[in-house]
Amino acid sequence: MKHTPLGTQDVNQLVAGLNRVARNLWWTWNQEAQEVFKELSPRSWQNLYHNAVAILHEVSDYELRVRLQHQPFAERVREVIARFESYLNEKNTWAAANAPALAENPVAYFSAEFGFHETLPIAAGGLGVLAADHAKSASDLGLPFVGISLFYREGYFQQAFNHDNWQTEYYTLLNPKNLPMEPVLNAAGEPIKCYVRLTASQVAFTAWRVNAGRNPVYLLDTNLPENEPHYRDLTLRVYGGDSTTRILQEILLGVGGVRLLRTLGCKPSTFHMNEGHAAFLTFELMREKIAEGRTLADACAATKRECIFTTHTPVEAGHDRFTPDLMRYAAGKFAEQLKISFDELMAFGRVDPKEADEPFCMTVLALKSSRAANGVSELHGQVSREMWQVMYPGKKVGEVPIGHVTNGIHLLGWMKGTIRQFWKRKLGEARVEAEDSGDTTRFWRHKNDWEADVNSPEFWARMADPNFITDEELWALRYRLRRELIEFARRRLLIQGERLTRGDFIAFDHLLNPDALTIGFARRFATYKRAPLIFQQFEHIVKLCHDKARPVQFVFAGKAHPRDEDGKRFIQHIIHLSKFTDLKGHLVFIENYDVHIARQMVSGCDVWLNNPRRPLEASGTSGMKAGCHGCLNLSILDGWWREGYDGTNGFAIGDDSHPDSIEEQDRRDSANLYKALTEEVIPTFYNRDASGLPRQWLAKIRRAMVTLVPQFNTWRMVQEYATKYYLTK
Ligand SMILES: *Cc1c(COP(=O)(O)O)cnc(C)c1O
């Protein structure tokens, strides 16, 4: 068949459209867009780590135009662009119906990190991933939203290991030209410039705009020639440097963020502090009011009405505390601006204002200057009320004004391509059948509109129906996802250079077994998460791995904070086990954990292991990513799992309680973990019927999809923030 060639005009439109799509993170949660970029050069797509902007630089304009002469490809590109435009222009959103009050006055969401995608590695862990998922769902819901963070040009560290298997860190420079971000320009078309006072200097900063669907996220950047070198490097790394760097980064984030919004003419109705890092924004809001001639009391009260605060951890080290000396040096100017004494300034961050030795705590400042505060799961809300009761003398624990909104994940952003294709095909078939039978009301206008329903209980309720998706299909899907993970792990281990000693050589084709029960553990190696807990029963675990009839294997990943020696020791121990013990070939450690590795692991593992020291895992979100892929949780009843687990949809380690003594808790949890593994997990997985299917296991997967997925997502979470907090003053 011969096609008439596309005219130059048409080609120009497609090229321009593709460039617009690449510069909006929307493509990271749209499969067809990703496939178009991938198809331009599958090898570059892998080498450039799935970077749409970089792909468009890699493929020459000439080649792109020739490729667009291929009609079916041009058609797909046109469709992606059309869907992108219709997404941006959709008026009929949740927020249009439910939050019209925010139309002119968006929510300003301040977060020290955002973990959007593997190509923009400016997050250290779960906090940043949550912030990014919040932003993505705010966009999907049509919620007016603006994000504020910093542009760390060296991002978070890359993980490597020395010959002792000790974690070392290195950094790579991010190139804004190859990232989905653009400089924020002023009316004259030049990069915008704002100033913030840091110690005794005026420091200039500029900003980058990241398009997160319909909404902007601004990243502040002090890397300007007019700044002294140490201020240029303030935005070098995520949580880089010492506590001086930390406090100055936080002043830039809080004060600088408000200044940028003012410069852009943005008038937020609510300032949402995602963790205490951003709490200096309250001083800037007070300063503005005092400069207008209002009294301190008035300025405080008015600021409080504008702010809400989410606390994310009961772990002590997660709450920034600055000494009075550091505060005087870095933040003393605030006292002058607010026309108060230094002691009065310190009082904002002290539980006991009269305690002169008490450091300045960002969480205390945030709690004192917010109209509402919340933890990130029911149990964490409770723990936070106990933890901060001291700030509210006379109030009983239950009366402490900290509520909770349980975290979620952005479902479409986390669903792996394989599972999306699966749903698209299944629902496509159902749609055709319905149309054939004359029923056109139940299905979508467009074949991809199923995505619009993906957060609803009705969508996932289908999983309860073995006629809609048979056990055979579901098991085949699980096999495919597991194999994809194993292939990914083998490739990564080859790159990691895990050459095993001669004579002992394991070919990479034999590393891990595609039929074996695969248990995953990937998270930050904070010690309270107890990564090596399962190996306390080392001899038993070796036996389980070597069981020919019912083998078990483990995939681990995770980074320790650069200064966390104990966390690094945990990683070293696990790598040692994977290389030099009888676990070799049955346990692997994948380096450089990030959102891409997370997606491979939560989709390919059969079991997602989570064994924190309760109640320190405020929520946890990686287990939520497992649910939609049919990976079952095996977890302590902490954080979200205490709400999610119902006895049928996964596995619990221990019960809804914990002893006070840490030693006792570790001993008990280790025993309970082994018990759950050998008495429930392994028998259920390997209990096969005549046709080789693990019927009870598959029933659990169905239950997990029906009960967990529509609940633990950011579509529900952002609506909850909106109705509980953003819309109530
Ligand atoms: C989801 C995610 C996290 C958070 O997982 P937790 O269960 O809260 O530990 C951390 N890092 C990455 C890269 C993630 O994708």
Side-chain angles (χ1 to χ4, degrees), residues 28-29 49-50 111-134 136 155-159 238-239 274-275 310 312-315 318 375-377 379-380 406-411 413-416 520-531 533 555-561 564 567 570 590-605 607-629 631 633-644 650 708 712-714 717:
T28 65
W29 68 94
Y49 216 31
H50 324 129
S111 179
E113 39 174 312
F114 276 94
F116 282 111
H117 188 254
E118 53 265 29
T119 53
L120 189 56
I122 53 167
L127 181 72
V129 172
L130 179 84
D133 284 6
H134 191 124
K136 291 173 187 175
Y156 196 54
F157 76 87
Q158 309 275 319
Q159 182 183 50
V238 183
Y239 307 132
N274 187 45
E275 200 43 294
T310 302
H312 283 269
T313 182
V315 177
V376 290
S377 71
L379 181 62
H380 178 234
T406 304
N407 281 346
I409 56 157
H410 182 262
L411 209 44
W414 279 105
M415 281 169 88
K416 202 181 178 205
F521 183 103
R523 27 198 102 242
R524 284 185 304 116
F525 268 57
T527 45
Y528 78 85
K529 294 185 187 248
R530 297 187 298 190
L533 188 73
V555 181
F556 272 66
K559 292 175 172 179
H561 187 279
D564 182 1
F570 278 4
I590 301 178
E591 291 173 7
N592 225 359
Y593 184 50
D594 67 0
V595 291
H596 178 58
I597 297 176
R599 187 176 297 104
Q600 301 294 323
M601 288 182 66
V602 294
S603 56
C605 290
V607 170
W608 197 246
L609 177 62
N610 179 39
N611 43 233
R613 207 172 265 142
R614 197 179 119 128
L616 297 182
E617 191 64 89
S619 168
T621 53
S622 57
M624 302 174 188
K625 304 165 192 167
C628 59
H629 296 100
C631 167
N633 281 277
L634 165 60
S635 170
I636 299 277
L637 291 174
D638 197 8
W640 80 283
W641 189 236
R642 182 175 162 275
E643 288 154 60
L708 303 174
F712 297 96
N713 59 56
T714 41
M717 182 190 86

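Start at 1 and go down the list; that is how both ligands and their atoms are numbered. On a predicted model such as this, the values are computed, not experimentally measured, just so you know.
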Tell me whether the guanidinium CZ or amine NZ of Lys559 lies under 6.0 angstrom from the six-membered ring centre of Phe157 and within 45° of its axis.
yes
Distance dump, ligand 1 polar atoms to protein, N/O, under 3.5 Å:
residue: ligand 1; atom: 7 (O); partner: Arg523; partner atom: NH1; Å: 3.1
residue: ligand 1; atom: 7 (O); partner: Thr621; partner atom: N; Å: 3.3
residue: ligand 1; atom: 7 (O); partner: Ser622; partner atom: N; Å: 2.9
residue: ligand 1; atom: 7 (O); partner: Ser622; partner atom: OG; Å: 2.5
residue: ligand 1; atom: 8 (O); partner: Thr621; partner atom: N; Å: 3.2
residue: ligand 1; atom: 9 (O); partner: Arg523; partner atom: NH1; Å: 3.4
residue: ligand 1; atom: 9 (O); partner: Lys529; partner atom: NZ; Å: 2.9
residue: ligand 1; atom: 15 (O); partner: Lys625; partner atom: NZ; Å: 2.6

So, using side chain to side chain donor-acceptor pair (under 3.5 Å) as the criterion, who are the partners of Tyr49 when residues are at least two apart?
Arg492, Asp594
With sequence neighbours left out, write down each residue that passes ring-ring contact (aromatic ring centres under 6.0 Å, His included) with Phe116, or none if nothing qualifies.
Phe114
Tightest non-hydrogen contact, residues Asn611 and Ile636, listed as CA-CG1, 3.5 Å
Residues that Arg523 engages under salt bridge (charged side-chain N to carboxylate O under 4.0 Å, His left out), provided they are two or more places apart:
none
Option among Arg530, Lys529, Arg642 that satisfies the salt bridge (Lys or Arg N to Asp or Glu O under 4.0 Å) test with Glu617:
Lys529
